[in-house]
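To start, the structure itself, in structure tokens.
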Amino acid sequence: MSNSQAVIGTRISVVTPSYNMGKYLEDTIKSVLSNLRDGDEYFIIDGGSTDGSIDIIRRYESRLSGWVSEPDRGYADAIGKGFGKVSGDILCWINAGDIYLSGAFDAARGVMTNDLDLIFGDDFHIDEESRVISHSSGWVPSLRAATLYGTWTPLQDACFWRRDLYHKVGGIDRSLKYAADYDLFLRMALAGRAEYVPMTFSAFRRHDGQKSVSGAAAYQVERMQVRARELEKIRRPKAVKFAYGGFNRASMSFRSRLASSLLLRTDLAGTNVTTLPCAAYGRA
């Protein structure tokens, strides 16, 4: 990890996109609010829900920096709309249903040093009752290589980045329907200084109907399109790019097997994730 001095007192701005996620939305809101410090911001961008989500948001309205409920063009459009309202130094987003662990923002502030633009860490996978299914390691030796050549996306809910970097790359592409997360992290990894942090910041909820599951094929198509766009900008022979791609995809496959055997906390399966603080969870 970088030896440079941590930036003290940095303000964090959080965005939650949501559409008809009332069943899980309150858990997400509570997890964010419990992490906020003075000066931090929290915006909820709802896509015009009809399932009672608005009533939930209104219960917490006095503690939010702002919220809207109106039709949008998808999750990327909602996220872009939210980040258009923020003024904090560090940005992150948490999808409705996912959860930040207690102490996540203080931990992020503590490790976001002056010479870093983006940090990425670990998360838990949880079920519909917030029980741990598994621990997921976000480690890769180079985020740039992993995204560009390995077509890998960091664990989005365990990422924090500078607002300056977000604007430098032009923000999230609101025209994308599925792979806007991969596209954004790819561009930020290429433009900024990124580093893995061995901390578990959050929990990703598995539930029926989520876009990352139901739209897997469409996600793959968009991901390859944006990757090809960035590869075209690199002045290297196609054969070299192909070799880099093959090597990094093999490396990512090895990484996945390594993480499964060495880094995951299977002993925590079934634990209510709200009882687990942000910490470095290695193999028990």
Side-chain angles (χ1 to χ4, degrees), residues 1-17 32 35 40-41 75-76 79-80 82-84 86-95 98 100-101 103-123 136-174 176 179-202 204 223 226-227 229-230 233-234 248 251-252 255 278 280:
M1 188 173 296
S2 171
N3 292 320
S4 298
Q5 184 178 4
V7 180
I8 306 300
T10 50
R11 298 169 55 236
I12 292 179
S13 295
V14 192
V15 170
T16 290
V32 175
N35 272 287
D40 291 344
E41 299 176 325
Y75 86 99
I79 292 166
F83 284 143
V86 304
S87 63
D89 309 292
I90 298 173
L91 308 185
C92 56
W93 94 71
I94 188 84
N95 293 322
D98 299 342
Y100 282 121
L101 303 189
F105 293 176
D106 286 344
R109 268 185 268 262
V111 296
M112 181 69 86
T113 55
N114 285 308
D115 61 345
L116 289 176
D117 299 305
L118 185 156
I119 58 173
F120 56 105
D122 305 338
D123 70 5
S136 185
S137 171
W139 172 81
V140 289
S142 166
L143 185 61
R144 183 183 189 276
T147 52
L148 182 61
Y149 295 109
T151 64
W152 185 77
T153 307
L155 305 173
Q156 161 265 312
D157 47 289
C159 294
F160 299 83
W161 58 92
R162 296 195 183 280
R163 182 162 56 98
D164 289 347
L165 175 63
Y166 179 81
H167 288 300
K168 178 181 179 180
V169 302
I172 197 165
D173 185 342
R174 296 164 72 166
L176 294 175
D181 55 346
Y182 169 76
D183 175 62
L184 177 62
F185 288 115
L186 170 61
R187 288 183 285 118
M188 290 198 297
L190 293 172
R193 302 156 298 178
E195 187 169 291
Y196 168 70
V197 176
M199 300 287 290
T200 303
F201 292 101
S202 53
F204 172 81
R223 180 170 64 177
V226 299
R227 175 178 178 267
R229 178 199 66 210
E230 296 303 325
K233 299 176 183 178
I234 297 176
N248 278 278
S251 297
M252 295 307 298
R255 168 209 170 275
C278 175

Next on the checklist: Between Phe204 and Asn95, does the side chain to side chain contact (heavy atoms under 4.5 Å, CB included) criterion hold? Intermediate values first, please.
Outcome noted: CA-CA 9 Å; Phe204 172 81; Asn95 293 322; 5.6 Å; no
Identify the heavy atoms of [X] and [Y] that sit nearest to each other, and give their distance.
X: Gly121; Y: Leu155; result: O-CD1, 3.5 Å
X: Met199; Y: Cys278; result: CE-SG, 3.8 Å
X: Leu118; Y: Met188; result: CD1-CE, 3.8 Å
X: Asp173; Y: Arg187; result: N-NH2, 3.7 Å
X: Ala108; Y: Phe201; result: N-CE2, 3.9 Å
X: Ala179; Y: Tyr75; result: C-OH, 4.0 Å

Next on the checklist: Taking the basic N atoms (NZ, or NE/NH1/NH2) and the acidic carboxylate oxygens, is any pair closer than 4.0 Å for Glu41 and Arg11?
Outcome noted: yes
Item to check | Lys/Arg N to Asp/Glu carboxylate O, Asp164 vs Lys168, below 4.0 Å | outcome: no
Checklist entry - Can you find a heavy atom in the side chain of Arg223 that is under 4.5 Å from one in the side chain of Leu186? => result no
Checklist entry - Do Tyr149 and Ser142 come close enough that some side-chain heavy atom pair is under 4.5 Å? => result no
Next on the checklist: If the test is side-chain contact (heavy atoms from CB on, under 4.5 Å), which one of Ile12, Val32, Val14 qualifies with Asp40?
Outcome noted: Ile12
Checklist entry - Can you name the side chain to side chain donor-acceptor pair (under 3.5 Å) partners of Arg193, sequence neighbours left out? => result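 Result, side chain to side chain donor-acceptor pair (under 3.5 Å) vs Arg193: Asp117.
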Item to check | Aromatic plane relationship, Trp93 with Trp161 - under 30° parallel, 30 to 60° tilted, over 60° perpendicular | outcome: perpendicular
Checklist entry - Got a sec, which residues hit side-chain contact (heavy atoms from CB on, under 4.5 Å) with Asn35, two or more places apart in sequence or on another chain? => result Tyr100, Ala104, Phe105
Item to check | is_close_aromatic(Phe120, Phe185), centroid dist under 6.0 Å | outcome: no
